[in-house]
Amino acid sequence: MNAFEILKELNSCFGPSGNEKEIAAKIKKLVKPYATDIKEDVMGNLIVHVAGKGPKLMVAAHMDSIGFIVTHIEKEGYLRVGMVGGIHADDILATPVRFANGMKGAMYENDNAKKRELDTMFIDIGASSKEEAEKKVKLGDMAIYDTPVRILGNAKADDKDAKIGSPYLDNRAGCVAQIMAIQKLKKPYYDTYFVFTVQEELGLRGAKPAAFGIDPEYAIVVDTTLVDDTPGANHVGTCHLGDGAAVKVMDKSVICHPEMVDKIMAIAKSKKIKAQLDVLRAGGTDAGEMRKNGNGVWTGGISVATRYIHSPGEVCQISDINAAADLIAAFTETK
């Protein structure tokens, strides 16, 4: 399967923060033939061990997505919701959504709202009363974006420079890169634990216990990163689509170890893998918790540059996912 096909498989799953079982099961199926062993911890992190003779390496990509949680059902049948993770109200007007049970609806706002925010918005599932709505959903049910995964323009999925428009590239693109890296591995040097973490969008909650349990000497976080290639970009980040794997220097959660940055970039150069430096003045990743485990962990990051993060239609380039996968695999195999 290519990157686009794997992404479609992952995005067919329901997986908001705290409800990752369905996507974890899909990932487990995709990587099982390549793993020494696989387990899940109490939090729900999926831990894929690929044995090597070197030091312990933890490579982590979060598999949870942002979403919505039902907090109130109006007498007319509309659903009021809270955020699961970071959502901007201006991004979601008229966005289709779906629930775990297959129920579908869309997000709308009060016509009298003076300022667009989640408190002025609601989900319409076609119910005409509270009683009817309660037969379809209940308080505490979660919903996710129900927008398509597609190739932009007239490109094909196997085109070198094809761009993907999709919800939840953050961090399904990172998961795809990590899955492909596992599938590419021939002879890992590091004793590697590929972790698909939970609840990253709620504050890096899954990475901390995973790192504690594995106790790695080295760590790499695999995620998406903001770009600096859209009109009026304000230079929050440094990355451009098509410039290769994004090697993290910093974000608001972590400053990566300089020797890890240098090693990752040196491997990219020696293996002729396209790469760019990722210096980010915002956001955060699981690296923030992995770095602080025990007496400290040699931590780096390999990301996929992505536009419009946390919107229903994020955009990335397939070649960048492939480059990230190649670089993860190369690092794992390099002493």
Side-chain angles (χ1 to χ4, degrees), residues 17 20 24 27 31 38-50 52 54-65 85 170-175 177-179 181-182 188-226 245-265 267 277-280 282-304 324-325 327-332 334:
S17 296
E20 298 94 349
I27 293 171
V31 301
I38 301 176
K39 66 178 183 180
E40 291 184 29
D41 64 15
V42 174
M43 286 288 291
N45 296 302
L46 183 69
I47 301 170
V48 182
H49 181 208
V50 181
K56 281 186 182 179
L57 167 67
M58 176 178 171
V59 184
H62 76 87
M63 61 182 166
D64 61 307
S65 70
D170 177 18
N171 184 36
R172 303 293 161 74
C175 289
Q178 187 158 291
I179 290 166
I182 293 169
Y189 162 69
Y190 290 97
D191 191 29
T192 308
Y193 293 80
F194 292 95
V195 185
F196 297 87
T197 62
V198 298
Q199 297 191 40
E200 188 267 1
E201 298 291 1
L202 299 180
L204 320 182
R205 295 179 183 176
K208 185 174 183 177
F212 180 83
I214 295 166
D215 195 21
E217 294 181 50
Y218 299 87
I220 293 176
V221 67
V222 183
D223 209 325
T224 53
T225 190
L226 297 172
V247 178
K248 183 169 292 296
V249 175
M250 66 162 282
D251 58 38
K252 288 189 76 172
S253 71
V254 69
I255 296 177
C256 291
H257 200 291
E259 290 184 30
M260 286 290 284
V261 176
D262 290 346
K263 181 175 181 178
I264 295 169
M265 289 299 290
I267 290 171
L277 289 174
D278 175 22
V279 186
L280 189 60
T285 65
D286 280 336
E289 290 297 335
M290 294 154 63
R291 180 81 167 90
K292 297 181 291 185
N293 188 67
N295 293 324
V297 179
W298 296 75
T299 302
I302 298 172
S303 295
V304 178
L327 189 50
I328 296 163
F331 184 95
T332 304
T334 303

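Within the 4.5 Å cutoff, the side chain of Val261 has heavy atoms near those of the Leu277 side chain. Two residues are said to be in side-chain contact when any heavy atoms from C-beta on lie closer than 4.5 Å; His257 and Thr299 fail this criterion. Side-chain atoms of Val222 and Phe194, non-hydrogen and from C-beta on, never get closer than 4.5 Å to each other. For the pair Met43 and Val198, the minimum side-chain heavy-atom distance is below 4.5 Å. In this structure, His62 and Asp170 have side chains that are in contact, with non-hydrogen atoms separated by less than 4.5 Å. At least one side-chain heavy atom of Thr285 sits under 4.5 Å from a side-chain heavy atom of Lys248. Between Glu200 and Asp223 the shortest side-chain heavy-atom distance falls below 4.5 Å. For the pair Glu40/Leu46, a side-chain contact is recorded, criterion being any heavy-atom separation below 4.5 Å from C-beta on.
Closest non-hydrogen pair, Ala210 versus Met58, comes out as CB-CE, 3.9 Å. In this structure, Met63 and Glu20 approach most closely via the heavy-atom pair CE-CB, 4.1 Å. A pairwise comparison of heavy atoms in Leu327 and Ala245 identifies CD2-CB, 3.9 Å as the closest pair. Nearest heavy-atom pair across Leu204 and Ser253 is CD1-CB, 4.5 Å. The two residues Met265 and Val247 come nearest to each other via the heavy atoms SD-CG2, 3.4 Å. Looking at every heavy atom in both residues, Trp298 comes nearest to Met260 through O-CE, 3.6 Å.
Looking only at atom types and distance, the side chain of Asp286 has a donor-acceptor partner in the side chain of Thr197 under 3.5 Å away.
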Worked verdict on Thr225 versus Asp278 for side-chain hydrogen bond (donor to acceptor under 3.5 Å, both in side chains): CA-CA 8 Å; Thr225 190; Asp278 175 22; 2.8 Å; yes
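Asp41 contributes a side-chain N or O that, together with a main-chain N or O of Gly44, makes up a donor-acceptor pair within less than 3.5 Å. Remark: side-chain polar atoms of Asp64 are paired, donor with acceptor, to backbone N or O of Glu201 under 3.5 angstrom. A donor-acceptor contact shorter than 3.5 Å is absent between the side chain of Asn171 and the backbone of Ala61.
Residue Ile38 holds its CD1 atom at 11.5 Å from NE2 of His49, rounded to the nearest 0.5 Å. In this structure, Phe196 CZ and Asn45 CG are separated by 11.5 Å, a value rounded to the nearest 0.5 Å. Atom OG1 of Thr332 sits about 6.0 Å away from atom CD1 of Ile220, to the nearest 0.5 Å.
Shown here is Ile255, whose CD1 atom has no more than 12 heavy atoms of other residues, nucleotides or ligands within 6.0 Å.
For Tyr189, the side-chain contact (heavy atoms from CB on, under 4.5 Å) test picks out Pro55, Lys335, with sequence neighbours left out.
Using a cutoff of 4.0 Å between basic side-chain nitrogens and carboxylate oxygens, Lys56 and Asp191 are not scored as salt-bridged.
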